[in-house]
Amino acid sequence: MATTATTWGSRIGFILAGAGSAIGLGSIWKFPFWAGINGGSGFIIPYIIFTFTIGITLLIAELVVGRAGRGSALHALKRLGGPAFSIMGGIAVLTSFVILSYYSVVGGWCVKYLFDSLGGTLVTNDPKVLQATFGALVGDGLTNSLWHLSFLTCGVVALGVVNGIERLSKYLLPTLFILMIVIMIRSLSLPGAMEGVKFLFDFSFDKLTWMSVLNAMGFTFFSLSLGCGIMVTYGAYLKDSTDIPNSSLWIAYLAIQTALLAGLMIMPAVFAMGQDPNAGPGLVFVTIPFIFSQIPFGWFFMILFNVCLLVAALTSSVSLLEVCIAYLQNEWHMKRISASILCYVGLALLGFVSALSFGVWSDVKIFDRIIFDFLDWFCSNIMMPLGGLSIALLAGWKAWNSTYVQVNLVKKYSASANAFIKFSLRFLAPLLVLVVVATGV
Ligand code: PFF
């Protein structure tokens with residue numbers, strides 16, 4: 001079994017690739033509507049707290065396991081933890097493959113919406129037209145699948161870690177931040193926009209419900225790309241001279257900052273235009289185009305917005321795919337190009353199932369959910385938390401000595417920082433993960 005010799009080109013390149021993974025459809029598509037459904041700050045405040053406590057420690061743990069194990073997620077977990085953990089590594093690879101299959105269906109919607117916004121066809125005064133456009137896209141399995149195929153994650157990953165993933169993130173992520181700030185300023189300049197800001201940040205304890213806290217916990221996993229082998233795989237490409245805790249703080253910070261930016265792009269405009277913050281998944285595909293249709297130069301901001309969505313989706317999906325490619329390279333000795341082609345075919349087939357679940361297969365229900373929703377629910381609420389649990393147990397108990405060495409490799413952290421990481425990995429993270437899984441089930 002070969003170990004990896006590839007390393008990131010630079011530390012900043014790695015941080016941007018890691019942040020690119022974290023910043024995805026989760027931040028721009030899911031975060032605003034989840035914040036809407038869960039009462040704004042009652043969701044946001046716990047999300048920030050979870051990210052800077054167990055989120056960051058699990059992120060550190062995944063990167064540590066990757067660098068100490070130097071290989072695919074399966075290889076790294078096996079090397080550090082033995083056969084039982086290698087099963088969890090295998091499950092992580094499978095989880096990222098399944099997530100990518102439905103994630104890239106939404107990626108396909110982003111490609112289509114970018115084309116539509118460039119063609120000006122999303123500008124309309126009638127919200128029903130937008131509802132119908134979105135309904136027609138998701139409801140038609142064939143169109144849905146063709147757009148899914150146009151979402152070319154595999155092309156980027158085939159170019160390699162440094163030339164493909166790192167380069168993509170280095171150029172696109174800063175562009176994403178700039179575009180988001182421009183849209184946020186436009187949104188905040190609308191009359192009545194402050195209501196949206198209040199909705200997001202005005203905190204009172206009655207907004208805090210058991211459900212909003214649990215959802216925030218699950219979202220922390222999704223948003224930091226934890227529990228499905230991504231950060232383990234990225235960690236395997238880290239040089240020994242990269243400070244893991246410090247880089248993790250940067251990634252977590254950038255993830256939170258982007259989610260908040262997304263909230264501040266969307267909610268002020270939603271409130272200013274008297275729309276429903278509770279609109280669910282259609283928020284960015286129906287409500288947002290409608291809002292931009294109503295404001296001067298809205299068509300231009302609509303294009304920028306759809307570029308943001310697509311960039312975020314792409315930098316994340318390459319990270320999900322890299323988990324599978326590293327596995328195929330490591331365990332099956334495949335060349336990167338052939339592994340990428342194989343995954344493209346596999347994802348096209350599995351994605352087809354998700355794509356059809358909105359249309360002709362919408363009657364097929366698993367646990368009362370269509371296939372797309374079931375896969376999302378199962379991966380986010382069961383598989384990813386379980387992946388996180390196994391990393392916590394491995395890094396916190398079984399391989400704590402390696403964790404300690406890796407954490408302090410570049411700079412010796414204080415005893416209290418080390419004690420916090422240890423406590424969080426040993427007790428806090430497992431406990432919270434179990435609560436999330438139990439409630440999920
Ligand atoms: N963290 C990214 C997002 O929030 O969209 C990408 C992602 C990675 C999503 C892993 C889900 C996941 F399981």
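Just so it is clear, the structure is predicted and the values come from calculations on it, not from any experiment. Atoms considered below: every heavy atom in the structure, side chains included; atoms not considered: hydrogens, waters and symmetry mates. All residue numbers in this chain count up from 1 along the given sequence. As the structure lists them, so they are numbered: ligands from 1, and atoms in each ligand from 1.
Listed as neighbours of ligand 1 are Ser21, Ala22, Gly24, Leu25, Gly26, Ile99, Tyr103, Phe222, Ser223, Ser225, Cys228, Ile230, Ser316, Leu320, Met384, each bearing a heavy atom under 4.0 Å from the ligand.
Between Asn306 and Cys110 the shortest side-chain heavy-atom distance does not fall below 4.5 Å.
Taken to the nearest 0.5 Å, the CE atom of Met88 stands 9.0 Å off from the CG atom of Leu393.
Checked against side chain to side chain contact (heavy atoms under 4.5 Å, CB included), Phe420 has the following partners two or more places apart in sequence or in another chain: Thr53, Thr57, Ser424. Phe14 pairs by the ring pair (Phe, Tyr, Trp, His ring centres under 6.0 Å) definition with Trp8, not counting sequence neighbours. A search for salt bridge (charged side-chain N to carboxylate O under 4.0 Å, His left out) contacts involving Lys198 returns Glu195, not counting sequence neighbours.
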Verdict with reasoning, Lys365 to Asp373, per salt bridge (charged side-chain N to carboxylate O under 4.0 Å, His left out): CA-CA 9 Å; Lys365 299 267 169 73; Asp373 289 345; over 6 Å; no
